[in-house]
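First comes the structure, then the notes that go with it.
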Amino acid sequence: MTAWEDSRVPETADLTQDVRDRLKEIWEEKPGLLGWISSVDHKEIGKRYIVTAFALLIVGGIEALIMRLQLAGPERRLLSPEAYDQLFTMHGVTMIFLYASPVLSGFSNYLWPLLLGSRDMAFPRLNALSYWIYLAAAVFLYAGFVVGHGPDDGWFNYVPYASREYNPAFNIDIYALGLILLGISTTVGSANFVVTFLRTRCPGMSINRVPILTWGTLTASVGNILAVPSVSLAFFLLWMDRQFGTHFYDANQGQPLLWQHLFWMFGHPWVYVVVLPAMGMVSDGLPTFCRRPLVGYTPVALATVTTMALGFGVWVHHMFATGLPNLALSFFSGASIAIVIPSAVAVFAWTATIWTGRPRITTPFLFFAGMIVLFVIGGVSGFMTASAPLDWQLTDTYFVVAHLHYVLIGINVFPVVGGLYYWFPKFTGRMLDERLGKWNFWTMFVGFNVAFLPMHLLGVMGMPRRVYTYPQGMGWTATNVVVSLGAVLFAIGVLLLLINVAVSLKRGRIAGDNPWGAPTLEWATTSPPPPYNFAVIPSVASRHPLWEDALGESTARSRIDHGLLLDRGRETIATSPLDAEPNLILEMPADTPAPFLLAVGLTGIFAGAAGHWWWLSGAGGALLVLALLMWFWPRRMHADEPEAEPAHV
Amino acid sequence: MLQPLHNGGAPTGMSPDWPMGFLHTYGPRADPVTGLAWGLSIISIAVVVIVTVLVLTGVLRRAGRGEVAALRPVRGEGGMQWIYIGLALTLVALLGSLVWTVTVLAEVDSPASKPALTIQVTGHQWWWEATYSGDDPSRAFTTANEIHIPVGQPVMVKLTGADVIHSFWIPTLTGKTDAIPGRTNVAWLQADQPGVYRGQCTEYCGQQHAHMAMYVIADPPAAFQAWAAQQRQPAAQPAAPQQVMGEQVFVQQCGACHTVRGTPAGGVVGPDLTHLMSRRTIGAGLLPNTVGALSGWIENPQAMKPGVLMPPTKVAPVQLAALRAYLETLR
Ligand SMILES: [Cu+2]
């Protein structure tokens with residue numbers, strides 16, 4: 001018998017229409033704009049994240065295409081150096097900060113409660129807050145660019161070039177403040193994932209039964225909580241240097257290298273933040289199409305965590321050319337090479353899953369399987385740059401551009417698009433078109449490799465990166481033409497995806513609850529899921545609740561149609577962190593515009609700081625206080641259940 | 001004496017197609033790294049090929065058609081061996097690579113013999129300053145964008161940045177070392193064949209980062225000594241009246257930024273022009289140092305290198321012609 005922490009002991013019940021009707025009334029979002037702004041439903045927020053991130057992916061992609069036009073020949077003058085510098089900076093900022101991580105937050109937000117058999121994230125309002133701040137930060141970061149003063153020092157923003165002396169305009173201030181703002185969103189969201197993981201899994205979902213995606217996002221979230229303070233501090237000090245004359249990064253009284261250390265202490269773990277959840281998608285998706293469980297669940301879960309842990313000890317490999325002693329070079333080379341080990345675990349687990357399964361070639365499967373190859377290419381090029389003396393040749397050339405795109409597109413975009421094909425039926429109730437999907441995959445896959453494989457060669461031929469043009473006679477021209485053509489082909493692939501989404505939203509085949517015959521809980525509810533996800537709280541007896549009969553691993557069975565009945569308000573169940581024994585009823589918050597208002601207020605504070613419009617900061621601060629009051633205003637308990645424990649926050 | 005811009009002076013065997021490629025290198029600082037590059041590339045390519053083949057065969061071997069959901073899932077056996085065997089092989093490759101890496105690091109750490117000379121190289125937005133100081137300060141001289149060294153002898157390079165961070169890279173002779181303001185980094189290089197080796201700044205440093213090249217010119221020792229002796233001289237006195245007028249214009253218009261030793265022009269914002277005409281290129285490798293390019297540059301460098309920190313020259317055509325005539329005396 002479980003010990004209930006001072007809340008009522010819920011009854012269990014069968015899933016009936018009556019329960020569904022009652023829950024629908026309790027959980028449904030109010031109509032109208034206010035209802036839309038006030039929603040704290042994780043599915044709604046997840047979709048907003050995904051849509052916003054994809055919109056920004058397209059913006060960043062257009063920036064890339066313009067740059068590829070400029071680079072299609074030597075000494076072209078399509079773009080001024082100033083325009084090119086802003087474009088490559090915004091391209092990096094957009095893809096790394098505004099697409100790669102948020103899109104994964106979107107998937108995780110949408111999927112986590114469904115995967116975990118819960119009704120929402122632990123802190124639904126924080127979840128909404130994190131989305132609104134993300135949106136605000138995206139607008140904020142683009143504000144300078146659209147008026148012609150975008151940041152122009154690359155996403156890495158090295159000092160002293162980023163100092164006021166060399167960049168007197170407000171462009172860098174916008175970048176600095178925008179990133180601090182975004183950091184708040186990331187931190188808030190990460191804290192939410194960690195608590196959700198520890199506290200709101202359904203009964204029976206002990207931590208050795210959670211899907212790998214949750215391991216990925218959990219690890220990424222812990223990574224964020226530890227890494228983001230470093231970059232926020234870095235940008236805050238920079239802003240102080242620029243606006244208040246401090247000397248943190250000054251060459252004479254400060255230390256330019258301080259910036260690089262702070263930035264990469266964040267920057268390298270961030271790479272794992274944007275790939276581990278995506279790798280989790282592949283680990284969870286491949287088995288569905290190979291019709292067998294993932295090979296090596298435990299090693300893969302451990303590898304996920306290990307990668308992140310090692311990821312905190314390798315930031316110096318971004319700084320091999322800064323003049324370090326041999327001992328440091330050897331150490332950080334060794335640490336960076338060691339990261340190959342957990343990555344290899346994942347690669348062999350996936351390959352073994354394919355080999356020992358019976359693969360069905362669907363579009364999501366193609367994206368997941370294709371990702372394995374891209375992952376390995378991105379991995380080995382990373383391994384080469386991990387070797388310090390070799391990195392002296394490779395760093396800051398197109399070899400690194402190739403490497404990082406194999407990592408970011410190969411290990412993030414491909415799984416994400418695969419994930420979209422996989423979960424689209426759950427999101428919308430309709431399938432994406434398979435024929436168009438195959439075209440979509442092959443165009444993207446071929447286009448990607450035509451664009452980025454030759455870049456390795458460009459690096460070896462000595463073409464530096466971050467150049468707005470290059471001279472004739474270096475032997476780079478033909479390869480650059482090929483790269484530009486590949487980029488266009490890749491863009492066509494992305495366009496096919498958009499077309500597929502647009503068409504299938506209206507005319508896609510109706511999916512049903514579990515169109516792929518997949519094993520995990522999100523497929524146990526309807527497509528799309530009702531606002532309350534599960535009418536009764538499921539209980540889980542294995543890693544593959546929906547495959548138990550087929551696999552016959554044990555006699556225990558998960559229950560979907562019978563479970564805890566929580567219908568006296570917005571409620572979900574809290575369970576113990578390791579074994580997931582239920583021990584508390586959580587009362588979940590109602591929809592509220594407070595997170596939206598708080599985000600607006602916060603943005604006001606930051607915008608005021610950027611323009612030195614202190615009145616605006618003041619107004620933003622006032623709004624923020626108001627929103628907080630609204631947020632924390634004591635809620636009236638249900639008169640009939642005084643014992644229900646309200647979940648704070 | 002003037003060799004064509006890019007690779008006419010390249011050492012024998014150097015790929016004329018890829019002057020910046022580093023798969024073939026020409027000195028002991030770079031050669032061990034090149035071996036490592038080939039080694040790690042071969043391991044990497046092998047890994048990619050093996051995994052790709054495994055994934056492809058795995059998919060094609062048992063791929064079936066039809067509804068996914070209709071196919072009953074199975075428990076699946078034997079997968080863990082893949083991880084064990086895969087990891088074992090990976091570990092061997094990694095360990096080997098690490099040992100090789102550390103060995104190469106030690107090998108290229110410092111030159112085998114005492115360096116022949118030390119050059120102080122300073123990165124500027126967007127050009128390179130090179131000062132040859134030696135033991136006797138009175139024999140020091142400064143030049144820009146073209147660094148001469150004696151063949152077969154190690155040369156130390158002390159690097160710093162005057163404004164923002166730059167990075168010194170001569171792919172065929174040495175990997176990158178950053179030139180960081182407020183700090184001095186040390187690199188070394190040695191060319192085993194006479195020739196011209198191209199290099200380029202590789203740390204993003206602003207608008208004209210793309211046009212911040214440099215050349216290392218390895219001369220036989222005697223030729224190097226002759227070059228150095230000539231560079232040490234102040235500029236020759238102009239003789240013709242037009243040239244004398246040109247010198248005056250120069251001191252007025254250009255002296256705040258450029259130095260010509262032997263004249264009142266002592267600016268340090270731009271390159272030392274005392275022996276401008278002995279250089280193959282102007283604008284940090286941007287243009288061949290021809291009369292046409294030079295006069296175009298002086299009139300409006302912004303048209304050739306947008307954003308460059310040298311303003312257009314606004315003087316009467318007579319003065320411009322005089323200036324040009326004067327510059328041509330700076331041999
Ligand atoms: Cu530079």
Side-chain angles (χ1 to χ4, degrees), chain A residues 80-82 154 158 160-161 166 251-252 256 289 291-292 295-296 299 321-323 326 329-330 333-334 337 340 344-345 348-349 351-352 354-361 369 372-373 376-377 380 384 387 389-390 392-393 396 460-462 464 466-469 473-475 516-517 547 550-551, chain B residues 6 17-23 33 36-37 40 44 47-48 51-52 54-55 58-59 62-64 68-69 71-76 78-80 82-83 86-87 90 94 97-98 101-102 104-105 108-109 164-165 167 171 175-178 180-182 185 200 202 204 206-207 209-210 306-307:
Chain A
S80 68
E82 180 54 30
Y158 276 8
Y161 189 58
Y166 301 100
N252 305 316
F289 299 102
R291 310 312 289 161
R292 61 148 299 161
V295 170
T322 55
N326 260 359
L329 295 174
S330 307
S333 279
I337 287 177
V340 174
V345 171
F348 290 115
T351 320
I354 293 179
W355 260 81
T356 56
R358 289 178 291 167
R360 283 286 171 278
I361 306 178
I372 304 177
V373 173
V376 172
I377 300 179
V380 294
M384 287 174 69
S387 173
L390 182 49
W392 290 335
Q393 293 285 24
D396 282 320
V460 172
M461 296 191 292
R466 297 162 187 154
V467 290
Y468 79 100
T469 190
M474 296 290 122
W516 311 113
W547 278 4
L551 300 182
Chain B
H6 290 304
D17 299 330
W18 301 351
M20 294 285 286
F22 50 82
L23 285 186
V33 181
L36 182 67
L40 298 193
S44 298
V47 169
V48 171
V51 175
T52 309
L54 284 178
V55 170
V59 172
R62 301 191 60 186
V68 181
L71 188 62
R72 190 182 165 86
V74 293
R75 240 185 274 178
M80 287 302 286
W82 284 72
I83 299 184
L87 263 192
T90 308
L94 292 184
S97 310
L98 183 58
T101 294
V102 175
V104 170
L105 265 179
V108 303
D109 185 44
V164 303
I165 302 178
S167 196
K176 299 165 192 91
T177 308
D178 289 350
I180 304 171
N185 277 336
Q200 190 164 347
T202 44
Y204 173 68
Q207 281 191 47
H209 169 57

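Lettering of chains follows the sequences in order, A, B, ..., and the numbering in each one begins at 1. Reckoned from all heavy atoms, side chains included, excluding hydrogens, waters and symmetry mates.
- Between B:Trp82 and A:Thr351, the closest side-chain pair of non-hydrogen atoms falls below 4.5 Å.
- Between B:Leu71 atom CG and A:Arg292 atom CZ the span is 13.0 Å, to the nearest 0.5 Å.
- Checked by atom type and distance alone, the side chain of A:Gln393 pairs as donor or acceptor with a backbone atom of B:Pro171 at under 3.5 Å.
- Put simply, of B:Ser97, B:Gly86, B:Ser167, the one with the most heavy-atom pairs under 4.5 Å next to chain A is B:Gly86.
- At a threshold of 4.5 Å between non-hydrogen side-chain atoms, the residues B:Met80 and A:Pro299 count as touching.
- Looking at A:Asn252, there are no atoms closer than 4.5 Å to chain B (heavy atoms on both sides), in backbone or side chain.
- Of the residues considered (B:Ile165, B:Thr177, B:Val59), B:Val59 shows the highest number of contacts with chain A, using heavy-atom pairs under 4.5 Å.
- Within the model, atoms CD1 of A:Ile377 and OG1 of B:Thr52 stand 6.0 Å from one another, a figure rounded to the nearest 0.5 Å.
- The candidate with the highest count of non-hydrogen atom pairs below 4.5 Å against chain A, out of B:Leu94, B:Leu98, B:Val102, is B:Leu94.
- Heavy atoms closer than 4.5 Å to chain A are found in both the backbone and the side chain of B:Thr202.
- The parts of B:Val74 that come within reach of chain A are both its backbone and its side chain, each placing non-hydrogen atoms under 4.5 angstrom from that chain.
- Contacts between B:Gln207 and chain A at a heavy-atom distance below 4.5 Å involve backbone atoms as well as side-chain atoms.
- Distance CG/B:Leu105 to OG/A:Ser330: 5.0 Å, rounded to 0.5 Å.
- Between chain A and the options B:Pro306, B:Gly307, B:Gly78, the largest number of non-hydrogen pairs under 4.5 Å is found for B:Pro306.
- In this structure, the separation between CZ on B:Arg62 and CZ on A:Arg291 is 13.0 Å, given to the nearest 0.5 Å.
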inquiry  = Apply side-chain contact (heavy atoms from CB on, under 4.5 Å) to residues A:Phe348 and B:Leu87 and explain how you reach the verdict.
reply    = CA-CA 8 Å; A:Phe348 290 115; B:Leu87 263 192; 5.6 Å; no
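- Residue A:Thr356 touches chain B through both its backbone and its side chain, counting heavy-atom pairs closer than 4.5 Å.
- Of the listed residues (A:Pro359, A:Gly323, A:Pro464, A:Gly475), the one with the most heavy-atom contacts under 4.5 Å to chain B is A:Pro359.
- Between B:Val33 and A:Leu390 the shortest heavy-atom distance is CG1-CA, 3.9 Å.
- The part of A:Pro256 that comes within reach of chain B is its side chain, from C-beta onward, which places non-hydrogen atoms under 4.5 angstrom from that chain.
- Nearest heavy atom pair, residue A:Ala321 against residue B:Asn185, reads O-ND2, 4.5 Å.
- The aromatic rings of A:Tyr161 and B:Tyr204 lie perpendicular to each other, with more than 60° between the two planes, well past the 30° mark.
- Listed for the A:Trp355 side chain is a donor-acceptor partner under 3.5 Å among the backbone atoms of B:Leu54.
- Rounding to the nearest 0.5 angstrom, the gap separating the CG atom in A:Leu329 from the CG atom in B:Asp109 is 9.0 Å.
- Heavy atoms only, all atoms of each residue included: A:Pro160 and B:Pro181 are closest at CG-CG, 3.8 Å.
- Across every non-hydrogen atom of A:Ala352 and B:Gly79, the tightest pair is CB-O, 3.7 Å.
- The minimum heavy-atom distance between A:Thr322 and B:Ile180, with the atom names listed, is O-CD1, 3.8 Å.
- Interface check for chain B: of the options A:Ser80, A:Gly517, A:Ala251, A:Ala550, the most heavy-atom pairs under 4.5 Å are formed by A:Ala550.
- A:Arg360 places no side-chain N or O within 3.5 Å of a backbone atom of B:Ala69 that could act as its donor or acceptor partner.
- Of all the heavy atoms in A:Thr469 and B:Ala210, the pair that sits closest is O-CB, 3.4 Å.
- Proximity to chain A (any heavy atom under 4.5 Å) is restricted, for B:Val108, to the side chain, taken from C-beta onward.
- Proximity to chain B (any heavy atom under 4.5 Å) is shown, for A:Tyr468, by both the backbone and the side chain.
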